[in-house]
Each structure stands twice: as structure tokens, then as C-alpha cells.
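Given the structure is predicted, the values throughout are model-derived calculations rather than measurements. Counting convention: from 1, in listed order, for ligands and their atoms alike. Both backbone and side-chain heavy atoms feed into the values below; hydrogens, waters and symmetry mates do not.
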Amino acid sequence: MNLLLPFGRAFGIPINLHYSLSLIVPFLAWRLANDFFPTRYEGWTQISYWLTGFVAVGALFVSILLHELAHSLVARLRGYTVDEITLFVLGGVSSITSETRRAQDEFIISVVGPLTSLGLGLVFWVFYSVTSQTNHPIAALIFYLALINIVLTVFNILPAFPLDGGRVLRSAIWALTGSFVRATNISTRISQVIGTVLVLIGVLEVSQGFILQGVWTGVIGVFVYISATRIRREEPI
Ligand SMILES: [Zn+2]
């Protein structure tokens with residue numbers, strides 16, 4: 001079953017939307033329209049909260065797309081083939097043909113994604129510093145984009161597969177040991193530990209009454225654990 005919807009091309013790279021987005025986009029817009037924006041910006045109409053919520057989610061996925069394009073364009077510059085970019089419920093993924101052949105390539109291709117998110121976060125933060133006293137939806141959008149891009153940066157530098165931090169960690173161990181196999185072995189084991197810790201944190205959050213937050217942390221933990229295990233099996237160890 002094909003769960004991807006072709007959405008166009010950027011720099012010749014096909015962009016796909018996964019159907020899981022049809023669930024997460026309304027959910028995030030609902031959270032923003034009923035919680036995030038009303039607690040910080042008072043007195044808007046209900047329609048304004050919802051419209052700003054949907055525009056914010058759209059801008060979030062544009063931010064993720066820019067992050068993925070950074071990975072893809074740098075990979076292409078270094079001689080790799082980029083098949084497609086897919087946006088899905090937990091973010092984005094760039095499909096780059098063939099494993100990177102050098103530690104230096106894996107490092108630079110991985111690190112440009114978080115750097116792009118950080119750059120976006122800082123640019124929006126500068127705009128936010130001059131609009132922070134305003135109660136207008138545009139000011140709220142700027143605040144949200146500053147915040148979410150910083151969150152994306154921090155999340156992606158977590159040293160666990162399949163996040164960028166996991167790849168940066170592997171490239172560093174690879175450069176130090178000279179062995180791709182050993183680097184994969186060590187970094188996937190660290191990722192499995194981090195995935196397990198995230199699941200435990202999720203359980204703790206649920207037990208403390210933070211149910212949505214806990215479920216989300218747990219889902220990410222399971223996703224990290226499964227991805228690390230898959231990468232561990234695929235690589236010839
Ligand atoms: Zn990335």
C-alpha cells in the first residue's frame with residue numbers, strides 16, 4: 001500500500017507527504033488553537049486561533065522541509081544521489097542512495113540539518129525580540145517558529161539513531177577508530193539505551209498525569225529503539 005502523496009519538487013528532488021500527516025496536522029492545529037496560543041495571546045476570535053494554528057503547523061513542516069533540503073543538497077554536493085524527501089508524523093527524512101563512504105561526509109551531511117534549524121530559530125528569535133509586546137497573530141507565529149526551530153535543533157542533536165545526532169556520533173567514532181562497523185556497533189547500542197530511557201521517561205510522565213506528553217515521549221523512544229535495531233542489523237557487523 002502506497003502511503004505517500006507526491007507534493008512536488010524542490011531543486012529537482014521529489015517531496016512526498018506521508019498520510020500520517022492527515023492525522024497529526026489537525027491534532028497539532030487543535031493543540032495550538034486551544035492551548036498554546038490562547039494561554040499566551042488573549043482576546044482573539046476563535047477563528048483567529050484556529051487559522052493561526054493551521055498556518056503555524058504549515059510553517060512547522062516548511063521548517064522541517066528546509067532542514068531536510070539542507071541534508072539533501074549537501075549530500076548531492078558531495079556526490080551522493082538523493083532519491084526523495086518524505087515528511088511524516090515524526091518529522092522528515094531524506095533518502096540518500098548508498099551509505100556514506102567517508103566519516104567526514106556523514107558528519108557534514110548530518111550536521112547541516114540541525115544547523116539550518118538553529119539558524120531559522122535564531123532569525124525568528126531576532127524578529128520575536130522586536131514583536132514580543134504585540135498581541136497580533138503574526139507576532140504569535142514568529143514566537144512559535146522561533147521556539148519550534150530551537151526545539152527541532154535540540155531534538156535532532158540527541159545522539160541517537162535515526163536522529164542527526166546519532167549519525168554525528170557514528171561519524172565521530174568512525175573517524176576516531178577508522179572502523180565504520182565498530183562505529184555503527186557502538187552508536188546503535190547507545191541509541192538503544194537512549195530509546196529505552198525515553199520510554200521510561202514517557203511512562204513516568206504518564207504516571208504523573210502528563211498523558212499526552214508521556215505518550216509522545218514514549219512513541220519517540222520506541223521509534224529510536226526500533227530504528228537503531230534496524231540499522232544495527234542492516235550494517236555488516
Ligand atoms: Zn536532520
Side-chain angles (χ1 to χ4, degrees), residues 4 7 9-18 20-21 24 28 57-124 145-175 183-184 187-188 190-191 194-195 198 216-217 219-228 230-231 234-235:
L4 299 178
F7 188 67
R9 286 171 177 268
F11 300 95
I13 303 166
I15 313 293
N16 299 315
L17 301 182
H18 191 270
S20 58
L21 291 180
I24 196 72
L28 285 177
V57 178
L60 161 65
F61 280 97
V62 171
S63 298
I64 295 172
L65 179 60
L66 292 174
H67 172 120
E68 292 306 324
L69 275 173
H71 288 308
S72 294
L73 294 178
V74 170
R76 202 151 74 175
L77 274 175
R78 296 185 83 87
Y80 297 92
T81 305
V82 180
D83 293 332
E84 57 187 7
I85 292 175
T86 302
L87 300 180
F88 73 116
V89 67
L90 292 176
V93 62
S94 302
S95 304
I96 297 165
T97 305
S98 82
E99 276 296 324
T100 42
R101 290 168 290 234
R102 292 189 304 165
Q104 193 193 25
D105 288 345
E106 176 155 60
F107 178 81
I108 195 110
I109 292 168
S110 306
V111 89
V112 289
L115 283 179
T116 302
S117 298
L118 180 64
L120 286 169
L122 292 177
V123 167
F124 282 114
L145 286 172
L147 193 68
I148 203 69
N149 276 292
I150 301 292
V151 169
L152 283 176
T153 308
V154 173
F155 174 61
N156 274 291
I157 58 173
L158 201 69
F161 280 106
L163 306 172
D164 300 323
R167 297 187 184 282
V168 169
L169 176 68
R170 173 164 73 180
S171 67
I173 301 171
W174 184 2
T184 302
S187 53
T188 50
I190 292 172
S191 304
I194 291 176
L198 285 173
W216 191 243
T217 310
V219 166
I220 290 169
V222 170
F223 175 64
V224 163
Y225 190 92
I226 290 174
S227 303
R230 186 178 48 77
I231 289 168
E234 276 174 11
E235 311 299 352

(request) Hey, could you give me the CD1/CG distance between I64 and L120, rounded to the nearest 0.5 Å? (result) 11.0 Å
(request) Could you tell me whether the side chain of L118 reaches within less than 4.5 Å of the side chain of N149, counting heavy atoms only? (result) no
(request) Run the salt-bridge test on R167 and D164 with the 4.0 Å N-O cut-off and return the result as yes or no. (result) no
(request) Answer yes when E234 and R230 have at least one side-chain N-carboxylate O distance shorter than 4.0 Å, and no when they do not. (result) yes
(request) May I ask you to list the protein N, O or S atoms found at less than 2.8 Å from the Zn ion (ligand 1)? (result) H67 NE2, H71 NE2, D164 OD1, D164 OD2
(request) Tell me, yes or no, whether the heavy-atom count around F61 atom CZ, taken from other residues, nucleotides or ligands under 6.0 Å, exceeds 12. (result) yes
(message) Over 60° means perpendicular and under 30° means parallel, so tell me whether H18 and F88 are parallel, tilted or perpendicular.
(response) perpendicular
